[in-house]
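Notes follow once the structure below has been shown.
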Amino acid sequence: MGEKTAITIILGPTASGKESAAFALAPRLGAEIVSVDSMKIYRTLDVGTAKATAEMRSAVRHHCLDLIEPTYDDFSVGEYVAAADSAIGDIVSRGKIPLLSGGTALYYKGLLEGIFEAPAKDSALREELRAYAGEHGNEALHRRLQELDPVSALKYHYNDIRRVVRALEVITLTGKPVSGSRNEWSGFHDDDGAFRGELRYDFTMLLLDWPRAELYKRIEARVDLMLERGLLTEAEYVYRRREEFSRTPLQAVGYKEFFPYFSGAQSLEEAVETLKKNTRHLAKSQCTWFRKFPCERIALDTSMSKDDILELIYGRMRDR
RNA sequence: GCUGAGAUAGCUCAGUUGGUAGAGCACUGCCUUGAAAAGGCAGGUGUCCCCAGUUCAAGUCUGGGUCUCAGCA
């Protein structure tokens with residue numbers, strides 16, 4: 001246990017204030033920040049992803065930002081974990097503390113629990129499997145999985161075509177079921193909710209926990225702030241280059257919502273409403289993930305000042 | 001003011017020949033291993049505008065009222 005690298009994680013849904021807390025606390029902790037975010041890895045997508053500014057990045061060193069161009073199509077959890085591992089190693093080797101912050105739950109999972117050995121995607125095979133589902137129906141594809149890997153078939157609904165395809169892909173390419181590998185994957189909790197498993201880091205995980213209604217208000221305010229900071233210009237740039245960009249940046253909340261506005265199909269107000277709604281959805285599903293993370297909740301509310309909040313987080317970190 | 005149409009879930013609406021209600025979205029919960037800000041699953045919700053009447057039974061039929069929209073003045 002003691003041999004594992006110690007890391008500190010500030011967790012929270014979008015607009016919870018985790019990134020700014022991490023930035024404010026980093027100097028006091030002697031820490032550098034590692035971003036855990038599936039969208040901030042793209043260069044040039046700055047405002048919409050709420051990426052740390054150049055000034056912030058010259059004050060505190062940030063890692064795992066701007067890893068790839070938005071045209072790059074093959075990024076995956078595996079690549080993220082490799083990048084984060086090396087950033088953490090680098091930080092520790094210089095005698096600093098790794099402070100992780102970001103909202104992509106799957107990346108935390110991969111980083112803390114590890115990624116099993118499995119082949120990368122095979123686009124041709126995926127297309128073939130999808131075509132099969134398109135022709136014979138999702139249930140027919142699921143039946144194929146039932147024959148080859150009954151455990152995975154049981155786990156995934158037949159309409160969850162993406163996972164059904166992936167499971168079929170893995171067993172087709174390796175002859176081994178993903179379910180076998182996944183059983184070896186430790187997980188954060190067992191059925192009783194007790195912590196278990198061999199984790200890759202010795203971590204402290206703090207969750208910034210706002211009441212839902214309050215979080216939604218913060219989201220509204222943050223979208224408005226992004227607009228002031230030039231979100232529309234950035235979204236227009238994404239819109240113009242949409243043919244060249246890979247799928248992932250085009251799915252980011254903050255850009256696609258303006259496409260109907262740029263094409264004249266919607267008013268700006270409508271687009272902004274959609275953006276706020278989608279951001280709420282994002283926050284909600286992040287909350288679902290975080291509920292089963294082994295984290296310490298820090299309950300926040302509007303009566304607290306920014307400094308109160310920072311002191312509270314700092315205090316919790318020292319208690320550990 | 002007249003004529004016509006409408007009033008049903010938070011929103012947009014569907015409701016066959018009368019048997020106290022539904023779909024999408026929103027909202028809530030859950031799942032999540034190389035696309036994850038993606039993808040999938042599940043759930044609750046109602047003075048059916050109001051008041052009378054007919055009927056065993058009215059969202060549905062009849063009468064009156066209120067409001068909204070459109071057209072005409």
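Below, read A as the first sequence line, B as the second, and so on, with proteins coming before strands; counting in each chain starts at 1. All values below come from the heavy atoms of this structure, side chains included, with hydrogens, waters and symmetry mates left out.
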Is the charged tip of A:Arg242 near the ring of A:Tyr239: under 6.0 Å from the six-membered ring centre and within 45° of its axis?
yes
Below 4.0 Å: OP1/OP2 of B:U33 and any side-chain N or O of A:Tyr156:
yes
Both distances below 3.5 Å, Watson-Crick or wobble geometry, any strand: find the nucleotide opposite B:C56.
B:G19
So, A:Asp307 versus A:Ser305: side-chain donor-acceptor pair below 3.5 Å or not?
no
Closest to the A:His281 side chain, choosing from B:A38, B:U33, B:C27
B:C27
Side chain A:Arg163 and base B:A38 donor-acceptor under 3.5 Å
yes
Any side-chain heavy atom of A:Asn138 sitting closer than 4.5 Å to one from A:His142?
no
Mind checking if A:Lys284 touches a base, just sugar-phosphate, or nothing, with heavy atoms under 4.0 Å?
base
A:Arg162 (side chain) and B:A38 (base): donor-acceptor pair under 3.5 Å:
yes
Rounding to a whole Å, what distance do you find between A:Leu111:CG and B:U33:P?
17 Å
Kindly label the base of B:G34 as syn or anti, based on whether its glycosidic torsion lies within 90° of 0.
syn
A:Asp37 side chain to A:Tyr42 side chain, donor-acceptor N/O pair below 3.5 angstrom
no
Atom-to-atom span, CZ of A:Arg280 to P of B:G10 - whole angstrom
17 Å
Hey, which sits more toward the 5' end of RNA chain B by its nearest nucleotide, A:Pro119 or A:Asn159?
A:Pro119
Does B:G40 have OP1 or OP2 sitting under 4.0 Å from an N or O in the side chain of A:Lys155?
no
Regarding A:Gly102, tell me which of base, sugar-phosphate or nothing describes its non-hydrogen contacts under 4.0 Å with the strands shown.
nothing
Spacing of A:Leu106 atom CG relative to B:G40 atom C1', expressed in whole Å
15 Å
Quick one: is B:U28 close enough that its OP1 or OP2 comes under 4.0 Å of any side-chain N or O from A:Tyr216?
yes
With heavy atoms under 4.0 Å as the rule, sort A:Asp37 into base, sugar-phosphate or nothing.
base
Base, sugar-phosphate, or nothing: which does A:Thr14 touch, judged by heavy atoms less than 4.0 Å apart?
nothing
Salt-bridge test for A:Asp74 and A:Lys121: reply yes if a basic N is under 4.0 Å from a carboxylate O, no otherwise.
yes
Pairwise 5' ranking along RNA chain B for A:Tyr158 and A:Arg212, keeping only the more 5' one
A:Arg212
Among the candidates B:U28, B:A35, B:C30, find the nucleotide nearest to the side-chain atoms of A:Thr288.
B:C30
Looking at the side chain of A:Tyr107, which of B:A36, B:A38, B:G39 is the nearest nucleotide?
B:A36
Distance test, side-chain N/O of A:His157 to OP1/OP2 of B:U32, below 4.0 Å
no
